[in-house]
Amino acid sequence: MKQAPLYEQIYREILGKIQDQTYQAGERLPSEKELSEQYHVSRITSKKALELLAEAGLAVRMPGRGTFVSEGAAERRESSPGGQLPGALLSGQLSGQQQNTPPLLGVILDGFGPDFGCRLLGSIEEECRQQGFSMCLHCSCGQVEEETRAIGRMRSLGAQGILIMCVHDENYNASILQLVVEHYPVVTLDRQLKGIPLSFVGTDNIQAARQLAKRLLDQNLRRICFVKPYAAETSTIQDRITGFRMAYSELGLVADESLWITDLKATLPASHGEEQLARDREKVMAFIREHPQIEAYFAVEYSLAWIIYSCLEQLGLEQKCPVVCFDGTDNIMRRALFTHVRQDEEQIGRLGVRTLAEAVRGSREIRTVLVPHRIVEAGRQL
């Protein structure tokens with residue numbers, strides 16, 4: 001009898017260990033390098049074995065992180081390579097609920113306000129109705145632990161999928177990674193978990209930041225203070241930093257990072273409060289006095305722009321140093337207070353729900369949906 005290819009032999013051995021639960025659901029499998037050393041084969045062979053496990057729905061591959069055993073893989077038959085795990089929604093109904101009850105989607109936001117989030121939330125709720133779902137909202141308030149509890153709560157309520165705006169943190173939440181391993185429908189909004197196979201709907205923050213910074217540079221303003229919150233970097237903030245630097249690079253310049261403010265906390269959901277705001281304003285006032293050479297301010301959030309502007313105003317510098325930012329609030333005059341990136345929150349919410357609905361209904365496609373933005377000049381009609 002002809003011997004099976006080496007990659008298939010490795011695949012069957014790992015499969016056996018999954019089925020006898022030597023490797024359990026969510027556990028990381030040996031890497032391509034580890035397998036090649038263990039079985040004395042090439043990396044190409046070990047890679048093919050892991051890819052076969054992924055194709056069979058027995059494992060999930062996460063670039064830069066490893067290959068993890070899928071939920072329920074131990075119960076799957078060996079004849080399943082190339083097959084797919086059954087979707088969470090087979091009948092379009094939640095177990096234990098009445099047939100006329102709409103299936104539930106979970107929505108987890110780290111916070112929302114008039115500058116960003118309110119219009120997003122409204123469009124999510126409206127699109128859920130249009131798609132035939134009910135909605136359960138939970139705010140994590142910028143806390144990873146609360147985000148984890150929210151995920152558990154949504155699942156215990158029988159949510160068919162989760163739409164999530166992840167908290168600022170340098171490490172990805174293990175609960176979210178577990179959802180990926182289990183092929184549970186999840187779509188991220190605004191903050192993309194790069195390197196993780198999850199669909200994302202949001203703004204092209206690199207290009208948006210590049211265009212916004214270019215508005216200042218085109219006015220021959222060079223000494224620009226970049227302002228961001230003190231937080232472990234989400235992809236959103238990193239992309240805005242990249243776009244800011246890109247605008248300089250296109251002119252053959254380098255942004256002076258010694259002029260940046262990177263440690264403000266009052267706008268973070270976990271640090272809201274008058275005391276923290278007062279500390280931040282004091283810090284900004286001192287910074288402005290110590291850096292009279294700064295010609296403009298670029299804030300990654302509207303609330304940060306207001307802190308900067310209020311301090312400039314107190315020092316009589318608000319006309320001298322323009323402030324630009326992401327997002328803004330509607331006001332009675334319907335006029336933009338700052339030149340800013342206006343994200344299409346309504347479209348982000350609608351497309352987020354539609355993308356999640358497709359996943360709930362069985363789609364395994366990982367999509368990155370970038371919703372167009374626009375730059376609104378200060379004083380212009382909103």
Side-chain angles (χ1 to χ4, degrees), residues 1-88 166 169-188 191-201 204 206 233-235 238-239 242 355 358-359 362-370:
M1 180 181 292
K2 186 177 179 180
Q3 189 176 32
L6 289 173
Y7 70 83
E8 186 176 330
Q9 294 178 44
I10 297 171
Y11 159 78
R12 291 182 185 279
E13 186 161 332
I14 295 175
L15 172 64
K17 291 182 178 180
I18 290 174
Q19 291 178 330
D20 68 15
Q21 298 191 34
T22 299
Y23 296 131
Q24 299 189 10
E27 186 174 347
R28 180 183 173 278
L29 293 173
S31 66
E32 294 172 13
K33 182 176 183 294
E34 291 166 340
L35 287 175
S36 67
E37 293 174 351
Q38 179 181 345
Y39 291 96
H40 305 288
V41 297
S42 69
R43 289 280 291 270
I44 294 175
T45 299
S46 60
K47 179 182 179 183
K48 188 155 185 169
L50 292 173
E51 287 176 344
L52 191 59
L53 288 162
E55 290 170 8
L58 299 164
V60 176
R61 306 205 73 191
M62 299 184 188
R65 294 181 177 273
T67 303
F68 298 82
V69 180
S70 297
E71 183 72 15
E75 288 75 39
R76 302 202 66 204
R77 293 184 178 275
E78 189 272 332
S79 60
S80 62
Q84 302 216 344
L85 286 172
C166 302
D169 197 72
E170 63 180 316
N171 297 312
Y172 295 154
N173 189 333
S175 295
I176 298 176
L177 299 181
Q178 182 63 33
L179 296 178
V180 176
V181 170
E182 297 177 13
H183 297 286
Y184 184 87
V186 179
V187 172
T188 61
R191 298 163 192 170
Q192 187 173 19
L193 302 186
K194 294 186 177 180
I196 304 300
L198 280 176
S199 289
F200 164 75
V201 180
D204 186 340
I206 292 177
E233 311 299 358
T234 62
S235 62
Q238 285 297 316
D239 284 350
T242 298
T355 302
E358 291 173 5
S363 173
R364 298 286 287 277
E365 181 184 1
I366 304 301
R367 301 176 59 196
T368 295
V369 182
L370 298 179

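None of these values were measured; they are calculated from a predicted model.
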Legend entry - Ser199 side chain to Val186 backbone, donor-acceptor under 3.5 Å: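 Between the backbone of Val186 and the side chain of Ser199 there is no qualifying donor-acceptor contact (under 3.5 Å).
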
Inset, instruction - Verify, without hydrogens or angle tests, whether Thr242 (side chain) and Ile206 (backbone) share a donor-acceptor contact under 3.5 angstrom. - result: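 Not confirmed, Thr242 side chain does not pair with Ile206 backbone.
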
Legend entry - Sub-4.5 Å side-chain heavy-atom contact between Thr67 and Leu53: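 Not touching, per the 4.5 Å side-chain cut-off.
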
Legend entry - Flag side-chain contact, heavy atom, 4.5 Å: Leu58 against Tyr11: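 Sidechains of Tyr11 and Leu58: in contact.
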
Inset, instruction - For Ile176, enumerate each residue passing the side-chain contact (heavy atoms from CB on, under 4.5 Å) test, keeping only those at least two apart in sequence or located in another chain. - result: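 Here the qualifying residues are Glu147, Ile151, Ile164, Cys166, Asn173, Leu193, Leu198.
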
Inset, instruction - Name all residues meeting the salt bridge (charged side-chain N to carboxylate O under 4.0 Å, His left out) criterion together with Glu27; count only those two or more places apart in sequence or in a different chain, and write none if there are none. - result: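 Checked Glu27 against salt bridge (charged side-chain N to carboxylate O under 4.0 Å, His left out); zero matches.
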
Inset, instruction - Could I get the full list of salt bridge (charged side-chain N to carboxylate O under 4.0 Å, His left out) partners for Glu32, not counting sequence neighbours? - result: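 In terms of salt bridge (charged side-chain N to carboxylate O under 4.0 Å, His left out), with neighbours along the sequence ignored, Glu32 is linked to Arg43, Arg61.
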
Quick check for you: to the nearest 0.5 Å, what is the distance between [X] atom [atom1] and [Y] atom [atom2]?
X	Y	atom1	atom2	value
Ile196	Lys194	CD1	NZ	13.0 Å
Phe200	Thr368	CZ	OG1	7.5 Å
Gln192	Gln238	CD	CD	13.0 Å
Leu29	Ser46	CG	OG	12.0 Å
Ile44	Glu51	CD1	CD	10.5 Å
Ile10	Ser36	CD1	OG	8.5 Å

Inset, instruction - In sequence, state the C-alpha distance, the side-chain angles, and the governing distance for Lys48 and Val41, and then conclude on side-chain contact (heavy atoms from CB on, under 4.5 Å). - result: CA-CA 11 Å; Lys48 188 155 185 169; Val41 297; over 6 Å; no

Inset, instruction - With side-chain contact (heavy atoms from CB on, under 4.5 Å) as the test, would you mind laying out the steps for Val369 and Val187 before giving the verdict? - result: CA-CA 11 Å; Val369 182; Val187 172; over 6 Å; no

Legend entry - Any donor-acceptor N or O pair under 3.5 Å, side chains Glu34, Gln38: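 Short answer, no.
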
Inset, instruction - Establish, from distance only, whether the side-chain atoms of Gln9 and Tyr39 form a donor-acceptor pair under 3.5 Å. - result: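 No donor-acceptor contact under 3.5 Å links the two side chains.
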
Legend entry - Closest non-hydrogen atom pair, Ile366 against Pro197: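 Here Ile366 and Pro197 meet closest at CD1-O, 3.4 Å.
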
Legend entry - Heavy-atom pair with the smallest gap, counting every atom of Val60 and Ser70: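 Where Val60 meets Ser70 most closely, the heavy atoms are CG2-OG, 3.7 Å.
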
